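Notes for the one structure printed next.
Computed from a predicted structure; not experimentally measured. Heavy-atom basis, side chains included; hydrogens, waters and symmetry copies ignored. Lettering follows sequence order; numbering is per chain, from 1.
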Amino acid sequence: MDHKQKTEQKTESLDFIRTRIAEDVAQNKNNGSVHTRFPPEPNGYLHIGHAKSICLNFGVAKEFNGKCNLRFDDTNPAKEEVEYVQSIQEDVHWLGYDWEDRIFYTSGYFEKLYEFAVELIRKGFAYVDSLSAEEIREYRGTLTEPGRESPYRNRSVAENLDLFERMRAGEFTGGTHVLRAKIDMASPNIVMRDPTLYRIRKATHHRTGDAWCIYPMYDFAHCLSDAIEGITHSLCTLEFENNRPLYDWVLDHVSAPCHPQQIEFARLNLSYTILSKRKLLKLVEDGYVSGWDDPRMPTISGMRRRGFTPQSIRNFCVRIGVAKFNSIVDIELLEHSIREDLNKRAPRVMGVLQPLRVVIENYSADKTEYLNAVNNPEDPDAGTRQVPFSRILYIEKEDFREEPPKKFFRLAPGREVRLRYAYFITCTDVIKDEQGNVVELRCTYDPQTRGGDSPDGRKVKGTLHWVSAAHAVTAEVRLYDRLFLKRNPDEVNGNEIFAVNLNPDSLVTLQNCRVEPGLKNAAPGEIFQFERKGYFCIDTKDSSMEKLVVNRTVSLRDSWAKIEKAGEQKEKSTK
RNA sequence: UACCCGGUGGUGUAAUGGCAACACAGAGGGUUUUGGUCCCUCCGUUGGAGGUUCGAGUCCUCCCCGGGUAGCCA
């Protein structure tokens, strides 16, 4: 095989959905066009699981020169709210996708759907049932036994038409009648045992108000909405697999404008994370988090506030792939995706989270120098900045150990380290309070090492970040961590609920952090790397000119923490 | 236990009858003024048993295991 053949064969591999769509296009199905849709129900905020679906639907459309619609699947007035339809639009846009003028609502099709229902009745494929909900359940049979036909199943077309019209007119109270498809009560697929198509719901709809009191069920509305919009490929999650025969049945029994192909894929599961709208709502309602946009939430709005970038989420969605296997993706992959993106784009600054005072004894008290610091070693175009240095500094508490363990390269009594972009300093004395806590370090600096290099070529193993006490800005820093302690938060004993697995330390707030003076003018939402600590962003809700509030998006990888942990475990096992 | 859908390293995805690939995680090493980044090495013969074939993760049969489905939710 020559080189050319090799590179030609090395085409990007397609997932099973794209493979299938590519085949359809190759066979000129739908005249070779591709049209998808993202159809959220506006009953909650979008989360990272929805991002997978958004990236898939909008991504597929773009790759095949097609279009993707945004459609609100709003057929249940009891659960849906305008707040959600607004947040959903904001989130999809923020992720970087555009539906142009193609924003639709299933509720916008209510009249057409009604007509399709009438068509079904006329053809003898639907009937009004007057059994109660409980009776319908009893008649349905079980997973292993066939169902029984409703005594109302053989009403005449005229009677069905009349009843359905009166249902619409509001003559009946909720629960007294439903419209059902006439399919097969003995079907091994329970979905096909005369599924309900319409139910009476005397509730105000967020868009249609009180214009309707009958609302179509998902199985009836969804396939027809797809057909009305000329969708070619209707991508949905695995739990609708059993519903596909019904999707096809409805389209085959009315004069639908086209027949989209439903394809199911596995929804996203993330370790240490809950992705169920019902449970996320519970976290919000019961006050476990501050709201849908709490930075610990896996919602798009929460992740945005936490400091995630749209690019990182899109990259993540590409990496996880699309398949039919129910799997759990490691949260580490998401963390890697955001670190990777932020590493390239986040300006570096120095911020001390837990300040320890350091006095440079041989440095003049009335002197301030401005030292040159690189803004981003990954991006030469990011330039440099000047950071002030003076006699009194803060360093990170954890960067000093009175009795340094093996492999600890940071500051200790008598030891010399480098202050980043500044000088080598040597610890000469340790000041403690009455309780024995270290409250201040006395150090000397070597004027020859300005900028961080020694003319005599001597090496130091540690480089510490620092800020000048007189120039620093005080900030509140919110350290966010995983919301749950267990890989699978649903794993509980007896009748406990998932909330028992909440991580009590998912938010640690530090009040007296000191950051470089340049951050005073940072705008809400701006992202930074605090060198050696992690990626942070200015909180968009609580930060102000008076009080800087900074969120930790994700820590840097910390190989010292690993070494230390391994050392501790080694000690444990030898004891 | 009726029907439907799945099983490839610790995790997630590739390989479309022809040398099991990529990423994450983990371990080890190198570079380094971030214990970051970057670079290198190591870590699976595809749930099991048969069969077809020159050749099987891929096709066939049986078995085992996992998920979904009994809303007037989506």
Side-chain angles (χ1 to χ4, degrees), chain A residues 12-16 19 39-41 43 73 75-76 78-79 129 131-133 136-137 140-147 174-180 187-193 195-201 214-215 217-219 221-222 236-245 264 266 271 277-278 318-337 339-340 343-344 348 350 373-374 377-378 407-410 418-422 424 449 451-453 459-465 529-534 555-564 566:
Chain A
E12 285 281 296
S13 66
L14 301 179
D15 57 63
F16 81 101
T19 302
E41 182 187 12
N43 67 343
D73 209 345
T75 57
N76 187 351
K79 291 186 179 177
D129 197 359
L131 252 26
S132 69
I136 286 180
R137 195 187 325 125
R140 189 154 31 227
T142 69
L143 293 175
T144 52
E145 302 157 35
T176 54
H177 304 272
V178 291
L179 184 73
R180 300 178 72 179
S187 171
N189 181 356
I190 292 180
V191 170
M192 299 298 273
R193 318 239 262 232
T196 303
L197 268 22
Y198 268 88
R199 77 284 210 191
I200 297 167
R201 272 265 202 293
I214 56 171
Y215 291 91
M217 299 286 291
Y218 167 87
D219 286 307
H222 201 92
C236 64
T237 45
L238 247 29
E239 67 269 27
F240 294 102
E241 230 164 356
N242 293 314
N243 301 49
R244 180 158 26 101
E264 311 85 12
S271 63
K277 275 199 216 171
R278 188 179 61 77
V318 169
R319 284 198 175 96
I320 59 176
V322 184
K324 295 196 73 165
F325 181 65
N326 262 308
S327 60
I328 303 174
V329 174
D330 277 341
I331 188 106
E332 285 87 350
L333 189 58
L334 182 62
E335 291 170 352
H336 171 260
S337 298
R339 284 191 186 112
E340 177 190 49
N343 177 48
K344 286 179 297 185
R348 272 60 169 171
M350 292 193 282
V374 174
E378 303 297 313
K407 292 183 185 171
F408 183 86
F409 302 148
R410 282 112 95 142
R418 170 168 41 233
L419 293 180
R420 180 139 233 230
Y421 299 126
F424 285 11
T449 57
D453 282 310
K459 303 283 184 202
V460 286
K461 286 192 115 172
T463 300
L464 311 187
H465 62 279
Q529 183 195 100
F530 285 4
E531 292 213 29
R532 305 206 306 133
K533 297 310 296 183
S555 65
L556 251 32
R557 289 192 59 167
D558 188 350
S559 52
W560 163 242
K562 278 179 201 165
I563 293 168
E564 200 177 26

[X] side chain near [N] phosphate (N/O to OP1/OP2, under 4.0 Å):
| X | N | result |
| --- | --- | --- |
| A/Arg140 | B/C72 | yes |
| A/Arg278 | B/C73 | no |
| A/Arg199 | B/C73 | yes |
| A/Arg532 | B/G35 | yes |
| A/Arg339 | B/U34 | no |
| A/Thr196 | B/C72 | yes |

So does [X] reach the base of [N] with its side chain, donor to acceptor, closer than 3.5 Å?
| X | N | value |
| --- | --- | --- |
| A/Glu264 | B/G68 | no |
| A/Arg410 | B/G35 | yes |
| A/Arg348 | B/U34 | yes |
| A/Asn242 | B/G68 | yes |

May I ask you to say what [X] touches in the nucleic acid, namely base, sugar-phosphate or nothing, with a heavy-atom cut-off under 4.0 Å?
| X | value |
| --- | --- |
| A/Lys79 | base |
| A/Arg557 | sugar-phosphate |
| A/Asp219 | nothing |
| A/Glu378 | base |
| A/Glu335 | nothing |
| A/Ser271 | nothing |
| A/Met217 | sugar-phosphate |
| A/Lys533 | nothing |
| A/Tyr421 | base |
| A/Ile136 | base |
| A/Phe240 | base |
| A/Ile331 | nothing |
| A/Pro377 | base |

Apply side chain to side chain donor-acceptor pair (under 3.5 Å) to A/Asp15 and list each qualifying residue two or more places apart in sequence or on a separate chain. A/Arg18
Side chain to side chain donor-acceptor pair (under 3.5 Å) partners of A/Arg418, counting only residues at least two apart: A/Thr463
Taking only the [atom1] atom of each, what is the distance from [N] to [M] in whole angstrom?
| N | M | atom1 | result |
| --- | --- | --- | --- |
| B/C59 | B/U8 | P | 15 Å |
| B/C60 | B/U52 | C1' | 7 Å |
| B/G36 | B/C73 | C1' | 47 Å |
| B/C22 | B/G48 | C1' | 28 Å |
| B/U46 | B/G12 | C1' | 15 Å |
| B/A25 | B/C19 | P | 29 Å |
| B/A21 | B/A15 | P | 14 Å |
| B/G9 | B/G47 | C1' | 14 Å |

Hey, is A/Trp560 stacking on B/G35? Ring centres under 5.5 Å, planes under 30°. yes
Value in whole Å for how far the [atom2] atom of [N] lies from [atom1] of [X]:
| X | N | atom1 | atom2 | answer |
| --- | --- | --- | --- | --- |
| A/Phe530 | B/U34 | CZ | P | 19 Å |
| A/Lys461 | B/G36 | NZ | C1' | 18 Å |
| A/Arg193 | B/A2 | CZ | P | 13 Å |
| A/Asp453 | B/U32 | CG | P | 12 Å |
| A/Phe409 | B/G36 | CZ | P | 11 Å |
| A/Asn243 | B/C73 | CG | C1' | 12 Å |
| A/Asn76 | B/C73 | CG | C1' | 6 Å |
| A/Phe408 | B/G35 | CZ | P | 11 Å |

Under 4.0 Å protein heavy-atom contact, by nucleotide of nucleotides 11-23 of chain B - B base, S sugar-phosphate only: SSSS-B------S
Does a side-chain heavy-atom distance below 4.5 Å link [X] with [Y]?
| X | Y | result |
| --- | --- | --- |
| A/Leu556 | A/Gln529 | yes |
| A/Val178 | A/Ile136 | yes |
| A/Asn76 | A/Arg199 | yes |
| A/Leu464 | A/Arg532 | yes |
| A/Arg348 | A/Glu378 | yes |

Using the ring pair (Phe, Tyr, Trp, His ring centres under 6.0 Å) criterion, which residues pair with A/Phe240? Sequence neighbours excluded. A/Tyr218
Just jot down the ring pair (Phe, Tyr, Trp, His ring centres under 6.0 Å) partners of A/Phe530, sequence neighbours excluded, or say none. A/Phe536
Here the gap from A/Ile328 atom CD1 to A/Ser271 atom OG, rounded to the nearest 0.5 Å, amounts to 7.5 Å
Keeping [X] on the side-chain end and [Y] on the backbone end, is there a donor-acceptor pair under 3.5 Å?
| X | Y | answer |
| --- | --- | --- |
| A/Asn242 | A/Asn189 | no |
| A/Arg140 | A/Gly147 | no |
| A/Ser187 | A/Met192 | no |

N-O pairing of A/Lys79 and A/Glu41 below 4.0 Å: no
Toward the 5' end of RNA chain B, by each residue's nearest nucleotide, A/Arg201 or A/Thr142: A/Thr142
Specify the glycosidic conformation (syn or anti) of B/G29, with syn defined as within 90° of 0. anti
A/Asn343 has its side chain closest, among B/U37, B/A70, B/A2, to B/U37
Which nucleotide in the list B/C5, B/G68, B/A2 gets nearest to the side chain of A/Glu239? B/G68
Read 5' to 3' with Watson-Crick or G-U pairs under 3.5 Å, [ ] for crossing pairs and | for partners on another strand, RNA chain B gives .((((((..((((....[..)))).(((((.......)))))....(((((..]....))))))))))).....
